[in-house]
Asker: 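Before we start, here is the structure in question, set down as structure tokens.
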Amino acid sequence: MRDHHRFRMADGAELVGRQGDSFEMRVSIPSDDNGFFGRQCPECSLVFRMDVQQYEALPDSLALWCVYCGHHAEHSEFMTEQQRDRIMRAAGDFAMQMVSQELDKMFGGLARSSRGGSISFSYRSQPFYPRPLPGIDEEQLVRVRTCAGCQNNYAVFGEHRYCPVCGQLPAASVAFDALQADTARLDALEALPTDAKALLREQGVFTRNWVDTVENVVGVVEALASSLFRAAVPNAASLLNGKGAIFQRLDHMADLIVTAGFPDLRAALGSQTWQRLLETWAVRHVFTHNDGIVDEKYLIKVPGSSAQIGQRLVLTETVCRNALDDAKALCETLVDMLR
Ligand SMILES: [Zn+2]
Ligand SMILES: [Zn+2]
């Protein structure tokens with residue numbers, strides 16, 4: 001009988017080998033109903049999930065990226081707390097038996113006492129029955145994402161910028177993902193039960209969310225356009241010199257892209273879409289800089305508005321959904337044009 005079979009291990013833990021003084025133990029990590037398991041970043045402590053089958057096919061030497069902070073480290077460092085507890089229990093079970101077997105060897109399992117000296121000692125060996133290992137009950141995934149680069153599936157619980165396997169996501173993936181998240185947020189608020197909705201509406205959650213959506217849209221386009229432009233235009237640095245936050249200003253951005261030798265965004269998108277985009281950017285401007293109070297500049301950009309100077313703008317869900325659709329069209333055009 002091989003030596004390591006003398007140990008009783010709970011289901012899911014198994015001693016698979018021994019080399020000299022060191023034992024090799026394998027502890028199963030159960031996956032969830034979707035076949036995913038958790039990974040926790042040792043740097044920012046946030047959790048994401050990965051497809052177990054795909055994970056097992058990855059090389060042993062794999063270094064993972066944290067999807068949130070981009071921490072890059074050996075994959076075994078990404079153990080979740082619950083996984084660690086399970087492994088520590090199995091290791092503890094093993095250690096208990098190790099110690100009791102050493103004691104058996106020393107005392108032969110017999111009770112002894114010494115009356116002559118100052119120490120008396122009694123020891124009787126007890127059979128060890130391991131308790132079941134703690135299970136894994138972690139946050140369930142909401143949506144499976146597939147990396148366009150490596151095709152691996154993963155799930156996140158917040159804004160992310162990295163694929164766990166290939167690292168930094170392309171700017172386009174980040175942009176479309178962000179627009180999708182904004183749409184999902186509008187949907188989630190809409191789908192709430194009526195009384196919950198009424199409560200949140202009264203607290204301004206809906207209006208705040210609409211303002212956030214418009215602000216996000218502008219940020220998403222700015223980040224994408226800047227990244228694509230810098231990658232596509234060899235003399236980008238000199239063209240951008242002294243231009244400030246030019247990717248926040250639609251017409252200036254369109255002019256810049258023409259200067260760099262590309263087609264005109266305005267023509268590519270059509271004048272109606274472009275005008276709606278200009279209006280969204282104007283809305284964002286008054287909310288970011290003046291709490292939504294209409295000024296002269298706003299009325300010049302949005303000639304069809306019935307608002308008066310000094311009034312506060314009121315957004316609607318429809319305005320936000322249109323802004324998201326237009327922004328998506330703009331991002332798609334930028335990706336096509338600056339590839
Ligand atoms: Zn992290
Ligand atoms: Zn990837």
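Order of appearance sets the numbers: ligands from 1, and atoms from 1 within every ligand. Everything numeric in this text was worked out from a predicted model, so none of it was measured. One is the number of the first residue; the rest follow in order along the sequence. Side-chain atoms are counted along with the backbone in the values below, which use heavy atoms only and exclude waters and symmetry mates.
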Asker: Using a 3.5 Å distance criterion without hydrogens, assess whether the side chain of Ser238 forms a donor-acceptor pair with backbone atoms of Asn235.
Answerer: yes
Asker: Are Tyr154 and Arg39 close enough that a side-chain donor and a side-chain acceptor fall under 3.5 Å?
Answerer: no
Asker: Report, rounded to 10°, the angle at the Zn ion (ligand 1) between the two atoms SG (Cys41) and SG (Cys44).
Answerer: 110°
Asker: Is it true that the NZ or CZ of Arg201 lies under 6.0 Å from the centre of Phe206's six-membered ring and within 45 degrees of the ring axis?
Answerer: yes
Asker: Any non-hydrogen side-chain atom of Leu189 less than 4.5 Å from a side-chain atom of Val205?
Answerer: yes
Asker: Rounded to 10 degrees, what angle sits at the Zn ion (ligand 2) between Cys150 SG and Cys166 SG?
Answerer: 120°
Asker: I'd like to know: is the Zn ion (ligand 1) within the 2.8 Å range of an N/O/S atom from His71, strictly under that distance?
Answerer: no
